[in-house]
Undergrad: 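Can you read through this structure? Questions will come right after.
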Amino acid sequence: MTDLTLPTYADVEAAAARLAGVAHRTPVLRSRQADEALGAQLFFKCENFQRMGAFKFRGGFNALSRFTPEQRRQGAIAFSSGNHAQAIALSARDLGMPAVIVMPADAPAAKLAATRGYGAEVITYDRYTEDRDAITRRLAQERGMTLIPPFDHADVISGQGTAAKELIDEVGPLDVLLVCLGGGGLLSGSALAARALSPQCRVYGVEPEAGNDGQQSLRAGQVVHIAPPRTIADGAQTQHLGQLTFAIIQREVSDILTVTDAQLVEGMRFYAERMKMVVEPTGALSLAGARHGGLDLRGARVGLIVSGGNVDLAQYARLLSEGPGA
Ligand SMILES: *Cc1c(COP(=O)(O)O)cnc(C)c1O
């Protein structure tokens, strides 16, 4: 068995120091209407207002800022068609190092353009005929670049944990913290912060019903792999948790809840209408979990991480106008 050295809360604190003055300290918003509907006090940590539009900047910047001078010269490489790509591209630009992002050739043009816009070199591959991992490994070796995975990396986990740290530092102890779950970087980092700063707080992950590999893994006591899930929550389409993230989740997380795509649309609509903010489908998981996850939240102080706001505007308009309740 491989020896897993798990990050700790001290690593989250160190990440917070590296991110100070670089990442935004995002606002914590309230909604009287949501409080009344659930009979609870809800605290929304709005990472949709983070740089590049999602919390992933935190983990990406933290990981890259720990490179040795030699690693900095050679740069960072990542594969992603989503927010991790932009997080690594922007962090590399801030730190003055080269970045290569490996993306599927049929990724949305806006995402390819955004990633290039942050100065990264984008290398595309054919999703149907080429092996992404092999391409990335070859490039990393040829160019001496350091690969930063999207969630299963101690510095990524510690960086993601700084959002929950800021939330609890600002509003005080919580009874419940709800966090969206893809590969588990955000959830495991958040759990480290909550355990240290608000030891009684119960931490829940929320994932799409169609991609409930995290819930299955927690039940089975080992990482369960699933086929690519069909869900509008593109940030949570991961097929399995990581070794590090699973170990922390197993130790620190009370349970994993699931919600439907229709419930995500309802959450996105609530954010748009009531709180005047654009939240991507994956970013609505925590609110959908609070409303539909079966928890009794009456009287509780509840933190919710709103993870990101990067959504194609045409898709956003379509989801909000056609979804249930429209
Ligand atoms: C990546 C991402 C997630 C999932 O984060 P993990 O660390 O993989 O669990 C959730 N929401 C958004 C907006 C993301 O970009």
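All ligand and atom numbering here is 1-based and tracks the order in the structure. Numbers here simply count residues along the sequence, with the first being 1.
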Undergrad: Has ligand 1 got any nitrogen or oxygen that is less than 3.5 angstrom from a nitrogen or oxygen of Gly184?
TA: yes
Undergrad: Do any N/O atoms on Glu280 end up under 3.5 angstrom from N/O atoms on ligand 1?
TA: no
Undergrad: Please state whether Cys180 comes within less than 4.0 angstrom of ligand 1, counting heavy atoms only.
TA: yes
Undergrad: Short list, please: which atoms of ligand 1 are under 4.0 Å from a heavy atom of Thr282?
TA: 10 (C), 11 (N)
Undergrad: Output the list of atoms in ligand 1 that are nearer than 4.0 Å to some heavy atom of Asn83, sorted by atom number.
TA: 13 (C), 14 (C), 15 (O)
Undergrad: Please work out whether any backbone atom (N, CA, C, O) or any side-chain heavy atom from C-beta onward of Lys56 is under 4.0 Å from ligand 1, and answer side chain, backbone, both or neither.
TA: side chain
Undergrad: When you check the gap from the basic side-chain N to the acidic O, do Arg301 and Asp35 get nearer than 4.0 Å?
TA: no
Undergrad: Looking only at protein heavy atoms, which one is nearest to atom 8 (O) of ligand 1, and how far off is it?
TA: Gly183 N, 2.8 Å
Undergrad: Between Thr162 and Arg58, is there a side-chain donor-acceptor contact under 3.5 Å, judged purely by atom types and distance?
TA: yes
Undergrad: Closer than 4.0 angstrom, basic N to acidic O: yes or no for Glu70 and Arg73?
TA: yes
Undergrad: Within 45° of the axis and under 6.0 Å from the centre of the six-membered ring of Phe43, does NZ or CZ of Arg30 qualify?
TA: yes
Undergrad: Show which atoms of ligand 1 fall inside a sub-4.0 Å distance from at least one heavy-atom site of Gly308.
TA: 13 (C)
Undergrad: Could you find the nearest protein heavy atom to atom 11 (N) of ligand 1 and give me its residue, atom name and distance?
TA: Ser307 OG, 2.7 Å
Undergrad: Is the closest basic N to carboxylate O distance between Arg18 and Asp155 below 4.0 Å?
TA: no
Undergrad: Going by distance only, is there an N or O of Thr238 that falls short of 3.5 Å from an N or O of ligand 1?
TA: no
Undergrad: Is it true that Gln160 lies under 4.0 Å from ligand 1, counting heavy atoms only?
TA: no
Undergrad: Within the side chain of Glu280, is there an N or O that forms a donor-acceptor pair under 3.5 Å with the backbone of Asn310?
TA: yes
Undergrad: Does Ala54 reach ligand 1 with a nitrogen or oxygen that is under 3.5 Å from one of the ligand's nitrogen or oxygen atoms?
TA: no
Undergrad: Look at the side chain of Glu252 and the backbone N and O of Ile248, then say whether any donor-acceptor pair between them is shorter than 3.5 Å.
TA: no
Undergrad: Decide yes or no on side chain to side chain contact (heavy atoms under 4.5 Å, CB included) for Arg127 and Arg132, but give the supporting numbers first.
TA: CA-CA 8 Å; Arg127 280 204 289 166; Arg132 176 193 71 181; over 6 Å; no
Undergrad: Please indicate whether any nitrogen or oxygen in Leu181 is less than 3.5 Å from any nitrogen or oxygen in ligand 1.
TA: no
Undergrad: Could you tell me which atoms of ligand 1, counted from 1 in the order shown, lie closer than 4.0 angstrom to a heavy atom of Gly185?
TA: 6 (P), 7 (O), 9 (O)
Undergrad: Is Arg51 positioned over the aromatic face of Phe61, cation under 6.0 angstrom from the ring centre and no more than 45 degrees off axis?
TA: no
Undergrad: Looking at atom 5 (O) of ligand 1, what's its closest protein heavy atom, distance included?
TA: Phe55 CZ, 3.4 Å
Undergrad: Could you say whether the N/O atoms of Gly235 and ligand 1 ever approach to under 3.5 Å?
TA: no
Undergrad: Which is it for Glu47 and Thr26 under the side-chain hydrogen bond (donor to acceptor under 3.5 Å, both in side chains) test, yes or no, and what are the steps along the way?
TA: CA-CA 6 Å; Glu47 287 294 298; Thr26 52; 2.6 Å; yes
